[in-house]
Amino acid sequence: MTHELGGFRGWTAVRKGKLARLRFTSLRLRLVVVFGAVALTAAVSASGIAYWLNREAVLTRTQGAVLRDFEQEMQNRAGSLPEHPSQDELLHTAGQMANSSQRFSVLLVGEESTGKTVYGSSGGLNGFSLEDVPESLRRAVNKQQDVTDGNESPYHLYWQRVVDHGTPYLVAGTRVIGGGPTGYMRKSLEPEAKDLNSLAWSLGIATGLALIGAALLAQAAATTVLKPVHRLGVAARRLGEGRLDTRLRVSGTDELADLSRTFNRTAEALEKRVDDMAARDEASRRFVADMSHELRTPLTAITTVAEVLEEELDAESGSIDPMIEPAVRLVVSETRRLNNLVENLMEVTRFDAGTARLVLDDVDVADQITACIDARAWLDAVDLDAERGIHARLDPRRLDVILANLIGNALKHGGSPVRVSVAAARDEVVIAVRDHGPGIPEEVLPHVFDRFYKASASRPRSEGSGLGLSIAMENAHIHGGEITAANSPEGGAVFTLRLPRGASEPAEQGEQAGPSGQSAPDTKGDAR
């Protein structure tokens with residue numbers, strides 16, 4: 001059953017893919033439609049003209065032969081009748097006339113000496129009758145014309161095509177000049193109609209074949225034209241995915257070949273540009289990393305001296321001259337700030353280099369937040385709303401870095417009390433840090449996680465390094481999570497941390513963002 005379902009889904013996917021390629025906006029479909037429309041127009045026009053010409057030729061040839069034969073019969077046979085023939089004479093003559101090579105029906109109308117109108121039909125009493133002749137044709141036949149230099153005869157031969165019960169007929173009539181009967185002829189055109197129908201069917205089939213041929217030709221042309229375009233699209237997607245070594249095979253000298261060469265030159269230039277930028281970026285990261293490592297050694301010694309000076313300041317012996325005490329405190333503060341900046345730069349360098357790794361453990365989120373707050377003596381300034389028992393697979397040290405930066409930023413730039421709440425979903429843990437300060441200006445919100453971003457140019461120096469929130473975001477990303485910043489409708493800023501309950505990367509030992517066992521540096525962003 002599973003295999004059948006998979007096969008059906010695969011067939012459905014293939015069908016949808018073919019339909020997608022044939023959507024109306026598809027160039028392939030438009031080419032086929034245009035070729036088909038042109039072919040259909042040309043074929044229908046040619047077939048219509050051919051049918052009309054053949055129809056006229058067939059009917060004119062048949063009609064001419066019939067009318068000539070009828071006219072000849074009227075002159076030879078009807079013309080030999082007396083001026084006032086009897087009905088028997090008319091019947092006999094009509095039968096003779098109908099036996100001509102054209103095999104048409106004949107009706108002769110005469111007048112006896114008594115003035116009575118008599119009829120003679122080649123088909124007998126139930127044959128061709130005067131009612132079968134159109135009234136307009138009878139009037140034209142019996143109308144006497146003036147004899148002039150241009151008109152030598154008072155009566156002429158007239159004809160008309162009619163359809164009776166679906167069968168086409170040619171009907172003609174004329175009078176014997178000099179006195180005598182009036183003759184009418186009716187010839188069935190059904191054989192010619194069948195021939196014309198056969199011709200129409202043949203032309204229709206030819207039109208259909210032309211349309212099919214045009215569609216196949218359009219498909220072949222579309223394939224020839226669109227195949228390089230498709231390869232170009234695939235290459236462009238691969239290039240967009242970062243595979244900068246993508247190149248197209250060029251053949252020919254047409255416009256598509258020129259386009260492929262242009263793409264290859266563009267891709268080559270882009271690859272060179274990206275390689276140069278990557279080399280400069282790598283050199284920049286290496287410089288920052290080397291500089292940070294080189295600074296750590298003298299900073300360690302300076303920090304040790306600063307700690308000794310700080311102990312002397314806090315001692316009751318008063319061994320430090322009060323005149324230099326402010327300078328000593330400034331040295332201690334700036335040394336601590338410089339030490340945090342170096343640690344943060346090294347952390348950022350590891351993230352940029354992709355060497356930061358997770359060391360996962362099963363963490364009780366509430367306990368972790370409590371430990372972070374307690375380690376920094378923030379218990380009086382932070383309200384925690386979190387139930388114990390919410391567990392997640394996280395890196396405890398990196399989670400501590402995130403929490404320390406978010407809570408420290410709220411305490412520094414917001415207003416007390418800072419409220420930390422935890423909510424658990426099936427797949428993620430949501431930690432919200434809200435303060436009661438003035439909030440974050442709208443123009444600052446998009447930049448709060450930028451490195452070294454200062455919300456106010458008039459406040460270029462601060463206790464923080466400007467990297468805290470950026471490092472917090474990087475630590476969230478490495479877990480597969482996200483941090484968002486917004487302003488609460490009740491006032492104050494809200495930072496929301498979302499972390500998956502099960503990390504996407506397996507736990508492993510690797511290079512850490514700081515020495516093992518070292519607590520997160522108390523870095524704070526300068527977003528507000």
Side-chain angles (χ1 to χ4, degrees), residues 285 289 292-293 296 339-376 378 382 384 386-410 420-433 448-449 451 464-465 467-485 495-525:
R285 284 199 302 267
S292 301
H293 279 289
R296 290 188 69 180
N339 188 65
N340 289 338
L341 176 60
V342 171
E343 293 294 334
N344 288 337
L345 286 174
M346 295 182 66
E347 179 111 351
V348 168
T349 302
R350 290 187 177 93
F351 280 121
D352 290 344
T355 58
R357 295 291 182 269
L358 292 175
V359 180
L360 300 178
D361 195 3
D362 187 72
V363 174
D364 187 306
V365 178
D367 288 347
Q368 187 72 23
I369 298 174
T370 302
C372 174
I373 295 173
D374 184 52
R376 293 161 180 80
W378 290 339
V382 178
L384 178 60
E387 296 182 1
R388 299 195 57 180
I390 300 176
H391 291 265
R393 290 279 296 172
L394 303 170
D395 187 326
R397 190 189 63 80
R398 294 189 180 279
L399 178 60
D400 184 77
V401 171
I402 298 172
L403 294 172
N405 279 293
L406 294 182
I407 299 173
N409 186 75
V420 181
S421 59
V422 180
R426 185 178 66 176
D427 299 326
E428 66 178 5
V429 176
V430 181
I431 303 173
V433 179
V448 293
F449 297 104
R451 295 174 182 176
S465 62
L467 293 171
L469 291 179
S470 174
I471 292 174
M473 179 66 82
E474 295 288 354
N475 279 293
H477 284 169
I478 200 174
H479 280 90
E482 186 70 29
I483 305 175
T484 58
F495 285 83
T496 304
L497 169 66
R498 298 178 182 273
L499 295 174
R501 301 192 72 170
S504 57
E505 182 177 342
E508 62 174 290
Q509 296 291 340
E511 184 179 359
Q512 304 303 310
S516 178
Q518 179 179 332
S519 63
D522 187 12
T523 56
K524 305 172 182 65

Participant: Any idea which heavy atoms bring V363 and L394 closest together, and the distance?
Facilitator: CG2-O, 3.9 Å
Participant: If we only count heavy atoms from C-beta on, is the T496 to I431 side-chain gap below 4.5 Å?
Facilitator: no
Participant: Ignoring hydrogens and geometry, is there a side-chain-to-backbone donor-acceptor pair from H479 to D395 under 3.5 Å?
Facilitator: yes
Participant: Do NZ/NE/NH1/NH2 and the carboxylate oxygens of R498 and E482 come within less than 4.0 Å?
Facilitator: no
Participant: I'd like to know if the side chain of D364 reaches the main chain of G389, judged simply by a donor and an acceptor atom lying under 3.5 Å from each other, with no hydrogens or angles considered.
Facilitator: yes
Participant: Is the backbone of V401 close enough, under 3.5 Å, to the side chain of N405 for a donor and an acceptor to pair up by distance?
Facilitator: yes
Participant: Side chains of I471 and I402, heavy atoms from C-beta outward: is any pair under 4.5 Å?
Facilitator: no
Participant: Is R388 paired with D367 through a side-chain N to carboxylate O contact shorter than 4.0 Å?
Facilitator: yes
Participant: To check you understand the geometry: which heavy-atom pair defines the closest contact between L384 and A366, and what is its length?
Facilitator: CD2-O, 4.3 Å
Participant: Would you say the side chain of L399 lies within less than 4.5 Å of the side chain of L497, judging by non-hydrogen atoms?
Facilitator: yes
Participant: With the side chain counted from C-beta on, respond yes when W378 and I407 share a heavy-atom pair under 4.5 Å apart, and no when they do not.
Facilitator: yes
Participant: What's the shortest heavy-atom distance between C372 and D400, and which atoms?
Facilitator: CB-OD1, 3.3 Å
Participant: May I ask you to decide if A425's main-chain N or O and R501's side chain share a donor-acceptor pair within less than 3.5 Å?
Facilitator: yes
Participant: List the atom of A472, the atom of I483, and the distance in Å for their closest heavy-atom pair.
Facilitator: O-CD1, 3.5 Å
Participant: Sequence neighbours left out, what passes side-chain contact (heavy atoms from CB on, under 4.5 Å) with A375? Give chain and number order.
Facilitator: none
Participant: Say whether, by atom type as modelled, one donor and one acceptor occur between the side chain of Q368 and the main chain of P396 under 3.5 angstrom.
Facilitator: yes
Participant: Could you tell me if the side chain of V430 sits less than 4.5 Å from the side chain of V422, heavy atoms only?
Facilitator: no
Participant: So L469 and L406, do their side chains get closer than 4.5 Å, heavy atoms only?
Facilitator: yes
Participant: Begin from the C-alpha positions of L499 and V365 and carry the test side-chain contact (heavy atoms from CB on, under 4.5 Å) through to its verdict.
Facilitator: CA-CA 11 Å; L499 295 174; V365 178; over 6 Å; no
